[in-house]
Student: 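Okay, here's the structure, questions in a sec.
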Amino acid sequence: MRDDTARTLVNRAQFDNSHETRDRIRERTPAVRATEHTIKSLCGNAISTPTRTSTQP
């Protein structure tokens with residue numbers, strides 16, 4: 001894509017979709033949350049899950 005605005009919007013939409021999918025999986029599968037918690041504990045929070053920013057494109 002040559003248009004930077006279009007590229008930014010597409011990237012944002014992909015990120016939002018990934019974030020929503022990840023949240024649905026966490027809600028439906030308690031083992032995912034437990035596994036993430038274990039990984040964070042073992043790694044000393046070196047691995048963190050991305051947080052959603054509240055900025056709008």
Student: Partners of R24 by side chain to side chain contact (heavy atoms under 4.5 Å, CB included), sequence neighbours excluded?
Tutor: E20, T21, R28

Student: By the definition side-chain contact (heavy atoms from CB on, under 4.5 Å), identify the one residue from N11, D16, N17 that meets it with Q14.
Tutor: N11

Student: Would D3 and R7 pass as an ion pair if we require N to O under 4.0 Å?
Tutor: no

Student: List for me each residue that meets side chain to side chain contact (heavy atoms under 4.5 Å, CB included) alongside E27, sequence neighbours excluded, and say none if there are none.
Tutor: none

Student: For T35, which residues count as a side chain to side chain contact (heavy atoms under 4.5 Å, CB included) partner, sequence neighbours excluded?
Tutor: I39

Student: Please check if the side chain of R33 supplies one atom and the backbone of R26 the other of a donor-acceptor pair under 3.5 Å.
Tutor: yes

